[in-house]
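In listed order, ligands and their atoms are each counted from 1. If you're wondering where the values come from, they're calculated on a predicted model, not measured in any experiment.
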Amino acid sequence: MKINLQTDTLKELQDALDHLEKQTLPIQTRSALHNAKKQLGQFAQSHQLESDQGRLAALYRVSQSLGASLNLDEVLTQVMDAVIQLTGAERGFITLVNPENDELDIRAARNIQQETLEKGKLQTSRTVIQSVIDSGEGIITTDAQDDPRFAQQNSVIFYALRSILCEPLRARNRVIGVIYVDNRAQSGIFGPDDLDLLSTFAGQAAIAIENAQLYTQTDQALAARVAELETLSHIDQQLNARLDVERVLEIARHWAVKESGAQSGWAALCGDDSETLSLISAPHDETGNTKNRELLATLRENPAPIQIHPQDGQPAQFVVPLIHAGKIIGALAIIHPQGFTHASQEFIQRLAGRAAVAVENARLYQAVEYANEAKSQFISIVTHELRIPLTSIKGYNDLVRQGVVGEINEQQLNFLNVISNNVERMSTLISDLSDISRIERGKIHLDFSHFELRERMAETLTSLSHKLAEKRHKLHTHIPDDLPQVYADPSRLIQILTNLVSNAWKYTPEGGEITINAKAQDERVRIEIQDTGLGISEEDQAKLFTQFFRSESPEVREQIGWGLGLSVTQRLVEIMHGKIGFYSQLGSGSTFWFTLPTQA
Ligand code: ADP
């Protein structure tokens, strides 16, 4: 600004010298005047250069800091400071065009009272600003009161506006806002050079402002997406924690209403025939049955969200189908007197996708539960019915074998022994099946007590001794004297030991070794049954403990078995709060181990 005043002074001086030159003057004075004019001309030229350089230097200085920040408020403050510095204006502000409603938001101001800013009553000419936005061209007026473009404007007259400089902020061929500076009292403050300078600077400032705007938008959009994903993950946990269809729908309805800011909502499930739609979760009966049927029919024809706009006092509704494997399994709706934002409609659709999966999972789970229950009941009935005739076959077979009903020859004894072995096989199978069914139905009863492992081990090995002797197995047992008592069901422990030692016996060829070790470990006793038998391939190891699994290997298939022993054993150990595991190498033998607690 100082520079401009000096320029004006120089102009006035030059005019005065021109005027003097026209007078009749003595030769000496005329020559002195000529010299003075020449020097003044040179000075004016060099002064203009200096002034241009000064402007460029100032522009360079203020432009340098632009782009350092991506915070919109910071960028706007920087731009405002720079504009005041470059133009030397008394006051000014930056206004940005709101892309959603085309309104002007004043975002940064200098020397304008906060109160006037808040009230939106800016003591400036809106005509000036609007014409800059409309034309995309900057405006300069040295005295608005005399400027025919604005002199008639009420605001110009009312606020006594004189010098005004206004420049559009253009980014990607769009006016994103306006820089406005003015001086109310003085005229002739700004010159065309100021408009040029401001225009150059505004080009750079607009890019910096737009970058900050884009960054803020992206940042906000990202934060909103992250928040939504967090909510959805929370909802997923709740949806999948309860495998109950009605509960799943209630959770979905609750979140749909909560997150979309709806007034209420409902969730419905299609009947097995896909014709009926029954309301599962609705606090109020918002939709009568006829309306539901109509909705379902519409959804079935076109499985896309339905948007019902508010009409005749009826609220807006947004209804989304729950689709699984291309089939409608239900619907989720939210209700609001006015309507819904695009964001909440998108959220409901995402939620519906998740709810549909959870509903289907819950349905499948319920179906499996029913099937399992039916299977357990069937096994329970069959085992009960088989046990009675088997007991009688075994009893009479034993009587005949013992010769109670007459003498028997050797061949007859052999036949009776075959019957006896098969009856034993069948009763083991019935007992394993009945245990599984009882465990699955939670009906197994255990009698826990503290007792010594040694005694139960002896009992088990005695009952198996004739088998071990048959295959000339070497048996080693290591049970430390100070082994703590275990807390378990003694008869179930015998069942576990019998299963594991029998397997070691079955799957170890003649002359092999079976070693039993027991030791205390933390607050547990660990028992290991090691054999030098067939071992288990890696492929089979993955299937161990599964019901009815038996290795395909011919050596295994030679042995009698049903593939139920390990499964029952595992369940029993776990019910007694222990753990079970194994390690094995094909061809070298296997070690099965389990633990039992020492404390109740
Ligand atoms: P079963 O012995 O009646 O077949 P199990 O459930 O006790 O049923 O065992 C399942 C399968 O695991 C066996 O068929 C066998 O393939 C394998 N297996 C179990 N114990 C051993 C072992 N000690 N050595 C080798 N294979 C074993």
Side-chain angles (χ1 to χ4, degrees), residues 375 379 383 386 390 421-440 444 457 460-461 463-465 467-468 470-478 491-518 526-576 578-595:
K375 183 198 79 179
I379 291 177
T383 50
L386 282 177
L390 209 63
N421 283 340
N422 280 298
V423 166
E424 201 188 321
R425 270 179 71 185
M426 280 193 75
S427 49
T428 312
L429 171 65
I430 288 170
S431 141
D432 281 350
L433 281 174
S434 136
D435 277 347
I436 285 177
S437 131
R438 269 196 239 145
I439 292 169
E440 280 179 356
I444 189 143
M457 183 69 80
T460 312
L461 295 178
S463 71
L464 294 173
S465 56
K467 284 186 172 179
L468 296 167
E470 254 174 43
K471 283 175 96 174
R472 291 180 293 105
H473 282 147
K474 277 190 215 98
L475 179 71
H476 311 282
T477 314
H478 305 290
S491 61
R492 293 298 179 177
L493 172 64
I494 291 177
Q495 189 179 348
I496 293 167
L497 288 170
T498 308
N499 274 340
L500 296 178
V501 179
S502 296
N503 278 352
W505 167 78
K506 277 199 285 187
Y507 305 117
T508 301
E510 278 200 31
E513 288 185 27
I514 298 174
T515 310
I516 299 170
N517 282 310
R526 178 180 165 112
I527 301 139
E528 286 183 0
I529 294 106
Q530 186 186 359
D531 65 52
T532 56
L534 305 175
I536 305 164
S537 72
E538 280 192 20
E539 196 192 337
D540 286 350
Q541 288 186 18
K543 299 173 199 156
L544 234 52
F545 299 111
T546 333
Q547 279 177 24
F548 300 105
F549 168 74
R550 302 204 74 206
S551 167
E552 292 293 331
S553 101
E555 292 98 325
V556 167
R557 291 295 164 126
E558 260 173 29
Q559 303 299 321
I560 291 166
W562 303 98
L564 284 174
L566 280 183
S567 163
V568 173
T569 302
Q570 183 187 42
R571 307 264 190 120
L572 289 176
V573 170
E574 284 170 0
I575 292 173
M576 293 199 284
K579 288 191 174 138
I580 185 165
F582 69 95
Y583 35 99
S584 176
Q585 204 172 359
L586 194 62
S588 309
S590 313
T591 301
F592 281 80
W593 60 264
F594 66 96
T595 63

Student: Has Gly563 got any heavy atom lying under 4.0 angstrom from an atom of ligand 1?
Tutor: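 Contact present.
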Student: Could you check atom 12 (O) of ligand 1 against the protein and tell me its nearest heavy-atom contact, residue, atom and distance included?
Tutor: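 Answer, as residue, atom name and distance: Leu544 CD1, 3.5 Å.
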Student: Could you tell me, atom by atom, which parts of ligand 1 come under 4.0 Å of a heavy atom of Ser551?
Tutor: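 The list of qualifying atoms is 14 (O), 16 (O).
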Student: Can you check whether Phe582's main-chain N or O pairs, donor with acceptor, with Thr591's side chain at less than 3.5 Å?
Tutor: no
Student: Give the atom numbers and elements of ligand 1 that come within less than 4.0 Å of a heavy atom of Gly561.
Tutor: 3 (O)
Student: Counting only heavy atoms, which portion of Tyr507 has something under 4.0 Å from ligand 1: side chain, backbone, both, or neither?
Tutor: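 The answer is the side chain.
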Student: Counting non-hydrogen protein atoms only, what is the nearest one to atom 19 (C) of ligand 1? Give residue, atom name and distance.
Tutor: Asn503 ND2, 3.6 Å
Student: What part of Lys506, side chain from CB on, backbone N/CA/C/O, both or neither, has a heavy atom under 4.0 Å from ligand 1?
Tutor: side chain
Student: Hey, what do you get for OG1 (Thr508) to NE2 (His473), rounding to the nearest 0.5 Å?
Tutor: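 It comes to 5.0 Å.
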Student: Should one rank Trp505, Phe592, Phe549, Phe545 by closest heavy-atom distance to atom 11 (C) of ligand 1, which comes out on top?
Tutor: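 It is Phe549 whose heavy atom sits nearest to atom 11 (C) of ligand 1.
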Student: Where's the contact between Thr508 and ligand 1, heavy-atom distance under 4.0 Å: side chain, backbone, both or neither?
Tutor: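 Under 4.0 Å from ligand 1, Thr508 contributes no heavy atoms.
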Student: Counting heavy atoms only, which of Val556, Asp531, Ile536 comes nearest to atom 23 (N) of ligand 1?
Tutor: Asp531
Student: Crowded around Glu555 CD? As in, over 12 foreign heavy atoms under 6.0 Å?
Tutor: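 Yes, CD of Glu555 has more than 12 neighbouring heavy atoms, counting only those of other groups under 6.0 Å.
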Student: Decide whether an N or O pair under 3.5 Å exists between Gly565 and ligand 1.
Tutor: yes
Student: In terms of atom number and element, which parts of ligand 1 are under 4.0 angstrom from non-hydrogen atoms of Leu564?
Tutor: 6 (O), 8 (O)
Student: Looking only at protein heavy atoms, identify the closest one to atom 4 (O) of ligand 1 and say how far it is in Å.
Tutor: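 I find the closest protein heavy atom is Arg550 NE, 2.5 Å.
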Student: Just let me know how Leu534 lines up against ligand 1, side chain, backbone, both or neither, with a heavy-atom cut-off below 4.0 Å.
Tutor: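 No part of Leu534 comes within reach of ligand 1.
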Student: Just heavy atoms, cut-off under 4.0 Å: does Ser590 contact ligand 1 by side chain, backbone, both, or neither?
Tutor: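 It is the side chain that gets close, since no backbone atom is under 4.0 Å.
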Student: Which heavy atom of the protein is the closest neighbour of atom 5 (P) of ligand 1, given with residue, atom name and distance?
Tutor: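 Its nearest protein heavy-atom neighbour is Leu566 N, 3.6 Å.
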Student: With atoms numbered from 1 as shown, which atoms in ligand 1 lie under 4.0 angstrom from a non-hydrogen atom of Trp562?
Tutor: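 Counting from 1, the qualifying ligand atoms are 3 (O).
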